[in-house]
Amino acid sequence: MDQEVIYTEANSYETLLTLAKSRYSCRAFEGRPVARDDIQRILEIARTAPSDCNTQPASVFIISGPALEGLRSEIYEAAATGIKRTSDIPPIGAYRGVFQERRRECGWALYNAVGVERGDRDGSARQALENFRFFGAPHLAVVTAHKDLAERGLFDTGIYLGYFLLGAQAMGVAAVAQGAIAHYADVIRKYAPISTDLQVICGVSLGYEWKDHSANNFRTGRVDLNDTVVFVE
């Protein structure tokens with residue numbers, strides 16, 4: 001009996017580790033939609049995420065079809081023309097030190113994959129704007145949390161998001177979490193019934209990966225455990 005339990009635990013660990021390590025941020029999607037039942041199965045995993053006192057602060061709006069096409073067009077135009085941003089969550093003011101280094105490494109890896117050379121500001125700007133086309137995804141999940149729960153609600157919704165992304169990977173559905181689109185919360189609210197009591201945190205573009213697209217041909221690294229973990233005994 002004990003051996004059976006050990007085997008099951010080991011198998012579960014390997015399954016989760018494989019899912020976690022194979023997950024990546026997809027930046028080019030096929031137009032083929034994901035079945036509603038499959039999206040609901042992803043959400044079923046996400047809703048099991050823990051939260052402070054079981055407050056379950058995350059509310060998600062899945063936008064597809066004509067509503068998504070309208071949003072895709074308007075938010076791209078807003079970003080391309082530089083209209084005033086309306087963020088419910090203040091953006092990071094500046095990236096410094098190691099965080100700036102990691103951000104640059106990610107950006108350079110993407111630009112290199114799609115053929116944008118360093119110093120090509122026009123090329124990098126064009127690629128950045130693809131965020132606002134949702135990289136061609138057929139679905140967008142807008143992730144929100146109630147403002148009354150403040151920072152704790154944001155933290156717990158981040159846990160929910162992690163579960164959501166792993167759920168998508170388990171279903172063979174590609175995804176990318178996007179903070180950039182939250183800068184245009186007012187535009188998003190034109191296409192989804194998101195009250196002002198809910199803070200728009202990020203979007204998740206969702207669909208099936210365009211396997212041959214160059215934007216999907218790179219992976220970001222992760223720092224060593226020794227750089228982020230301290231065991232105190």
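Hydrogens, waters and symmetry mates are skipped; everything else that's a heavy atom, side chains included, is used.
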Is any side-chain heavy atom of Arg126 closer than 4.5 Å to a side-chain heavy atom of Val116? no
Non-hydrogen atoms of Thr157 and Gly153 that approach each other most closely: OG1-O, 2.7 Å
Say you draw a straight line from CD1 of Ile75 to CG of Leu129; how long is it, rounded to the nearest 0.5 Å? 11.0 Å
Verify the cluster assignment for Ile194 and Ile89: are they in a single hydrophobic cluster under the rule of side-chain heavy atoms below 4.5 Å apart? no
Distance in Å, Ser25 OG paired with Arg219 CZ, rounded so as to fall on 0.5 Å steps: 9.5 Å
Start with the C-alpha gap between Ser51 and Asn54, add the side-chain angles, then the distance that decides, and say whether side-chain contact (heavy atoms from CB on, under 4.5 Å) holds. CA-CA 5 Å; Ser51 58; Asn54 200 35; 4.2 Å; yes
Shortest non-hydrogen contact from Val60 toward Ala141: CG1-CB, 3.9 Å
In the structure I gave you, are the side-chain heavy atoms of Gln127 and Tyr111 within less than 4.5 Å of one another anywhere? yes
Are more than 12 heavy atoms, taken from residues, nucleotides or ligands other than Arg189, located less than 6.0 Å from that residue's CZ atom? yes
Could you grab the distance from atom OG1 of Thr48 to atom OH of Tyr163, nearest 0.5 Å is fine? 5.5 Å
Does the distance from a Lys or Arg side-chain N to an Asp or Glu carboxylate O, for Glu105 and Arg102, drop under 4.0 Å? no
Would one find more than 12 heavy atoms of other residues, nucleotides or ligands at under 6.0 Å from atom CD of Glu151? no
Are any of the side-chain heavy atoms of Thr220 and Leu110 separated by less than 4.5 Å? no
Just by distance, do the side chain of Ser73 and the backbone of Gly70 share a donor-acceptor pair under 3.5 Å? no
Gap between atom CD of Glu44 and atom CG of Asp38 - 0.5 Å precision: 13.5 Å
Spell out, yes or no, whether Val187 and Val142 are grouped together once hydrophobic residues are joined by side-chain heavy atoms under 4.5 Å, including indirect joins. yes
Any heavy-atom pair between the side chains of Val204 and Gln178 that's under 4.5 Å? no
Is any side-chain N of the basic residue among Arg222 and Asp227 closer than 4.0 Å to the acidic one's carboxylate O? no
Identify the heavy atoms of Ala79 and Phe132 that sit nearest to each other, and give their distance. CB-CD1, 3.5 Å
Backbone N or O of Ala113 within a donor-acceptor pair of the Asn217 side chain at under 3.5 Å? no
With a 4.5 Å limit on heavy-atom distance, are the side chains of Leu161 and Cys202 in contact? yes
I'd like to know if the side chain of Asn131 reaches the main chain of Ala180, judged simply by a donor and an acceptor atom lying under 3.5 Å from each other, with no hydrogens or angles considered. no
Within the structure provided, determine whether Phe29 and Ser205 are in side-chain contact (heavy-atom separation under 4.5 Å). yes
Answer yes or no: is there a donor N or O on one side and an acceptor on the other, between the side chain of Thr86 and the main chain of Tyr184, under 3.5 Å? no
What verdict does the side-chain contact (heavy atoms from CB on, under 4.5 Å) test give for Leu19 and Leu17, after you've listed the backbone C-alpha separation in whole Å, the side-chain angles of each residue and the deciding distance to 0.1 Å? CA-CA 5 Å; Leu19 285 172; Leu17 184 63; over 6 Å; no
Please assess His139 against Ile63 for the test side-chain contact (heavy atoms from CB on, under 4.5 Å), listing each intermediate value before the final yes or no. CA-CA 6 Å; His139 310 282; Ile63 309 176; over 6 Å; no
Between CG on residue Leu206 and CD1 on residue Ile62, distance to nearest 0.5 Å: 7.0 Å
Going only through I, L, V, M, F, W and Y residues with side-chain contacts under 4.5 Å, is there a path from Leu68 to Leu43? no
Validation row: Leu71, Ile188 side chains within 4.5 angstrom (heavy atoms): yes
Arg32 vs Pro138 side-chain heavy atoms within contact, under 4.5 Å: no
Phe218 and Ala109: which non-hydrogen atoms are nearest, and at how many Å? CD1-CB, 3.5 Å
Would Tyr191 and Phe61 count as a ring-ring contact (aromatic ring centres under 6.0 Å, His included) here? Give the steps. CA-CA 10 Å; Tyr191 295 90; Phe61 298 79; over 10 Å; no
Side chain to side chain donor-acceptor pair (under 3.5 Å) between Tyr24 and Glu209, intermediate numbers included: CA-CA 10 Å; Tyr24 81 103; Glu209 67 174 335; 2.7 Å; yes
Apply side-chain contact (heavy atoms from CB on, under 4.5 Å) to Met171 and Ile45, showing your working. CA-CA 10 Å; Met171 291 297 300; Ile45 291 174; 5.6 Å; no
Determine, stepwise, if the pair Arg27 / Glu130 fulfils salt bridge (charged side-chain N to carboxylate O under 4.0 Å, His left out). CA-CA 8 Å; Arg27 291 181 174 86; Glu130 288 302 306; over 6 Å; no
Given the rule in the side chain to side chain donor-acceptor pair (under 3.5 Å) test, do Arg133 and Tyr76 qualify, once you have shown the distances and angles that lead to the verdict? CA-CA 6 Å; Arg133 294 192 197 276; Tyr76 181 89; 3.2 Å; yes
What I want to find out is whether Arg72 reaches Glu69 closely enough, with some N-O distance under 4.0 Å, to be called a salt bridge. yes
Without swapping roles, check the side chain of Thr144 against the backbone of Val200 for a donor-acceptor pair under 3.5 Å. no
Hey, is CZ on Arg36 packed in by over 12 heavy atoms from elsewhere, all under 6.0 Å? no
For residues Ile201 and Val176: do they belong to one hydrophobic cluster (side chain heavy atoms under 4.5 Å, members Ile, Leu, Val, Met, Phe, Trp, Tyr)? no
Partner residues of Asp197 under the salt bridge (charged side-chain N to carboxylate O under 4.0 Å, His left out) criterion, sequence neighbours left out: Lys147
Using 0.5 Å steps for rounding, measure from the CG atom of Asn216 to the NZ atom of Lys211. 9.5 Å
Between Val173 and Leu166, is there shared hydrophobic-cluster membership here, with clusters defined by ILVMFWY side-chain heavy atoms closer than 4.5 Å? no
